[in-house]
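The structure under discussion appears below in the form of C-alpha cells.
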2 protein chains.
Amino acid sequence: MLMSPVAGADEDAPGHAAVAQPDLAEAAVKLFGDPLRAEIVRLLAREQMCTCHLVDDTGARQSTISHHLRVLREAGFISAEPRGRYTYYRLRPEALSLLTVGIANLTAQAHHAQAIRRPCV
Amino acid sequence: MLMSPVAGADEDAPGHAAVAQPDLAEAAVKLFGDPLRAEIVRLLAREQMCTCHLVDDTGARQSTISHHLRVLREAGFISAEPRGRYTYYRLRPEALSLLTVGIANLTAQAHHAQAIRRPCV
DNA sequence: GGGTGACATCAACATGATTTGATGTAAGCA
DNA sequence: TGCTTACATCAAATCATGTTGATGTCACCC
C-alpha cells in the first residue's frame with residue numbers, strides 16, 4: 001500500500017508513487033467516495049469536531065456518521081482522540097499530502113503519455 | 001463547478017478552490033470511483049489508447065469500457081479523437097492539475113484546522 | 001449504585017452504480 | 001453495394017456500499 005495513508009506505514013516511500021497505483025485510487029475513494037463522507041471531510045478541514053457536531057451539522061444519523069468516520073480512520077485520513085464521553089476527530093494533512101503527490105505524479109505522467117499512440121491491428 | 005474539469009469551463013478560477021467544494025469530491029470520484037475506471041486511467045497515463053486496446057488490456061466488455069470512457073469524458077478528464085473506425089483517448093493533464101491543486105488546498109486548510117476545537121455541549 | 005448520554009458496532013434493508021448482452025450507426029474494404 | 005468491424009447507447013440484471021434502527025460498552029454525574 002504505497003499510496004494508502006495507513007497510519008505510519010510506508011510513509012517514507014513517496015517517490016515510488018511515480019505511477020498511479022491501485023492504492024492512489026482506493027485512497028481517493030476512501031476520502032471522497034460518498035457525498036456524506038466528502039461533507040465530513042470538508043467540515044473536518046475547518047476544525048476538529050466530535051461525532052455529535054458532525055451529526056448536528058450534517059443531519060445524518062449517528063451510526064451513519066460513525067460508519068464513515070471508521071472508513072476515514074482506517075484509511076488513515078483522520079485520527080480520533082477520545083475526550084471523556086466525546087471523541088474528537090481531526091484530518092491528517094500528512095495523509096492528504098500523499099494523495100496530492102500521487103495525483104501530481106499522475107499528471108506529470110499524463111503529459112508524456114500524450115505523444116505516445118499504440119497502433120490498432 | 002469550480003473544481004470539475006469540464007471542458008474549458010472556469011479553468012481560470014483555481015484560486016477559488018481554497019476550500020474543498022463538492023466539485024472536488026465529485027471530480028475525484030469520477031476519476032477513480034471504480035476499480036476498472038481507475039485501471040483505465042492508469043493505462044491512459046502511459047499512452048493514448050483506443051477502445052480496442054482498453055478492452056484487450058483490461059479484459060472488460062466493450063460496452064463497460066465505453067461506459068467508463070463516457071464518464072471520464074463527460075467529467076473532462078479525457079478527450080476522444082476518432083481515427084477512422086477507431087477512437088483514441090488521451091488523459092488531459094490540465095484536468096488532473098485542477099484536482100491536484102484542490103487537494104493541496106484541502107491539505108493546507110487541514111493544517112490550520114488542527115488547532116481549532118469546538119466545545120461540546 | 002443507578003441513570004444518562006456519547007458513540008462504536010451489528011444486521012437487515014435501500015439505493016445507486018457497474019456490468020451485461022443486444023442493437024444501431026459509422027468507417028473501412030473488396 | 002454488401003459485408004465486416006469498431007464502438008456508442010440502451011435496458012435489464014447484478015453488485016457494492018450507504019443508511020437505518022437496535023444494541024452494547026464506556027464515561028460522566030448525582
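Keep in mind the model is a prediction, meaning the values are calculated, not measured. First the proteins, then the strands, lettered A, B, ... as listed; each starts at 1.
Regarding contacts with the backbone of C/dA8, a side-chain N or O of A/Tyr89 is found under 4.0 angstrom from either OP1 or OP2. Close to D/dA6, at under 4.0 Å from its OP1 or OP2, lies no side-chain N or O of B/Tyr88. Under 4.0 angstrom from either OP1 or OP2 of D/dC7 there lies no side-chain N or O belonging to B/Ser66. A/His68 has no side-chain polar atom (N or O) that falls below the 4.0 Å cut-off from OP1 or OP2 of D/dT17. Phosphate contact (OP1/OP2 of C/dG21, side-chain N/O of B/Arg61, threshold under 4.0 Å): present. Side-chain nitrogen and oxygen atoms of B/Thr64 include none within less than 4.0 Å of the OP1 or OP2 phosphate oxygen of C/dT18. For A/Arg70, a side-chain nitrogen or oxygen approaches OP1 or OP2 of C/dT9 to under 4.0 Å.
As judged by a 4.0 angstrom heavy-atom cut-off over every strand, A/Thr87 is placed among residues touching the sugar-phosphate backbone only. Here A/Ile65 lies out of heavy-atom contact (under 4.0 Å) with every strand. Counting any heavy atom pair closer than 4.0 Å across all strands shown, B/His67 reaches a base atom. Among the heavy atoms of the strands lying under 4.0 Å from A/Ser63 is at least one base atom, whether or not backbone atoms are also near.
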Mind running salt bridge (Lys or Arg N to Asp or Glu O under 4.0 Å) on A/Arg118 and B/Asp57 for me, showing each step along the way?
CA-CA 12 Å; A/Arg118 184 196 307 187; B/Asp57 288 10; 2.9 Å; yes
Derivation and outcome, side chain to side chain contact (heavy atoms under 4.5 Å, CB included), residues A/His67 and A/Val71
CA-CA 7 Å; A/His67 163 78; A/Val71 173; 4.1 Å; yes
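A donor N or O paired with an acceptor N or O is not found under 3.5 Å between the base of D/dA6 and the side-chain atoms of B/Gln62.
Looking only at distances, a side-chain donor or acceptor of A/Arg92 sits under 3.5 Å from a matching main-chain atom of A/Gly76.
No side-chain donor-acceptor contact under 3.5 Å links A/Gln48 and A/Arg90.
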